[in-house]
Amino acid sequence: MKKFLSVLTIGFILLNAAACNNEGESVEGPEEINVGVAIYQYDDNFMTLYRGEIERYFDELSNEEVEYKVTVTDGKNDQAEQAAQIDNFITQGMDVMIINLVQTTSASTIIDKCEESGIPCIFINREPSESDMTSVGAEYAGKMTYVGADARQSGRYQGEIIADLDDKGDLNGDGKLNYVMVVGDPENVDAKYRTQYSIEQYIETSGLEVNKLVEERGDWKQERGNEIVANALAQYGEEIEVVFCNNDGMALGAKQAIDAAGRIVGEDIYLVGVDALDEVVDLVEKGEMTGTVLNDHIGQSNKAVDMAIDALNGEKLDTYYWIDYVKVTK
Ligand code: BGC
């Protein structure tokens, strides 16, 4: 018996020795969880904030027990490049993936890869079609989700911001709103819905008619917003009453063009965006932009991370999680 006990004691000491360094501290460390995050393009104001918050939040959630090791890739707006990055995540054996697709029309190919790998996957920001989201088998369905905001809501809010102005945006009082629409990327539902619902909601809320002067794609970029609105102002001048931009990046470009043309937002033209970038919120406060709509990158990124962790813990995910937009006016 004595011999048996001493063997046990030695075993215990050896075990302890393996888990401790010279100072007697544990060297086993936290469990490492590998997270692959594929962003459609780094060169995007909004997604830069979004990915920064994903990394910050995973960092905040890391502790002595679990450490989240996050690898983020830049898809450079190239779907083939992003597909290769996702293949890499799968071969590297990522525990979970967060994917901001380059092209939602390619979602089915990516979803097939993800399902085959069995790795839980959270889609963000660029919403795949409902048929793609529901195409996977029952088992994988609980490991895959889309976290985002309903772009129809942001469009409606833009329309309401203009319709709620004292003159309903109709600066010349002819009962018709002459507008310019700066579109993100027509392949993307955020752009499609904002373009459509802003105008539909405007008509419904104001009871006035609309007259589209220009509608052009600006790929979410500030310089394109600037170009499109500068050209529109050169062509239509004072006729333009409102400039709708699918995002704040392009609205910032539009604001530069409006300033350069000597027009004054709130006096002889109105301008509205989406995202509520800090710079734009400052302009709205000063009355230099009519309004914007908060696209809550903190709420969305935190929800995406929380769902990634739920999936890792074996919880069954819903197909969609929605975060509300919020109207921002002076
Ligand atoms: C944002 C845009 C951004 C785009 C990227 C949209 O939800 O409003 O600013 O460029 O997402 O996909």
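Both ligands and their constituent atoms are indexed starting at 1 by order of listing. The shown structure was predicted, so the numbers you read here are calculated from the model rather than taken from an experiment.
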Practice prompt. State the atoms of ligand 1, each with its element, that fall below the 4.0 Å cut-off from a heavy-atom position in Asn247.
Written response: 2 (C), 8 (O), 9 (O), 10 (O)
Discussion item. Taking 4.0 angstrom as the limit and counting only heavy atoms of Asp190, give me the atoms of ligand 1 inside it, by number and element.
Written reply: 6 (C), 7 (O), 11 (O)
Discussion item. On a heavy-atom basis, I'd like to know which of Thr292, Asp275, Val189 is closest to atom 8 (O) of ligand 1.
Written reply: Asp275
Using distance alone, determine whether [X] and ligand 1 share an N or O pair under 3.5 Å.
| X | answer |
| --- | --- |
| Asn125 | yes |
| Asp44 | yes |
| Tyr325 | no |
| Trp220 | no |

Discussion item. Test your reading of the model: is there a side-chain donor-acceptor pair from Gln79 to the backbone of Val102, 3.5 Å cut-off?
Written reply: yes
Worksheet entry | Under 3.5 Å: donor-acceptor pair, side chain of Tyr140, backbone of Asp112 | no
[X]-[Y] side chain donor-acceptor pair, cut-off 3.5 Å:
| X | Y | result |
| --- | --- | --- |
| Asp296 | Tyr50 | no |
| Thr104 | Arg126 | no |
| Glu187 | Thr105 | yes |
| Asp132 | Ser129 | yes |

Worksheet item: Strictly under 6.0 Å, is that where the ring centroids of Phe123 and Tyr146 end up?
Response: no
Discussion item. Test of understanding: given a 4.0 Å heavy-atom threshold, classify the contact between Lys221 and ligand 1 as side chain, backbone, both, or neither.
Written reply: neither
Practice prompt. Report yes or no: does Arg194 have a heavy atom closer than 4.0 Å to ligand 1?
Written response: yes
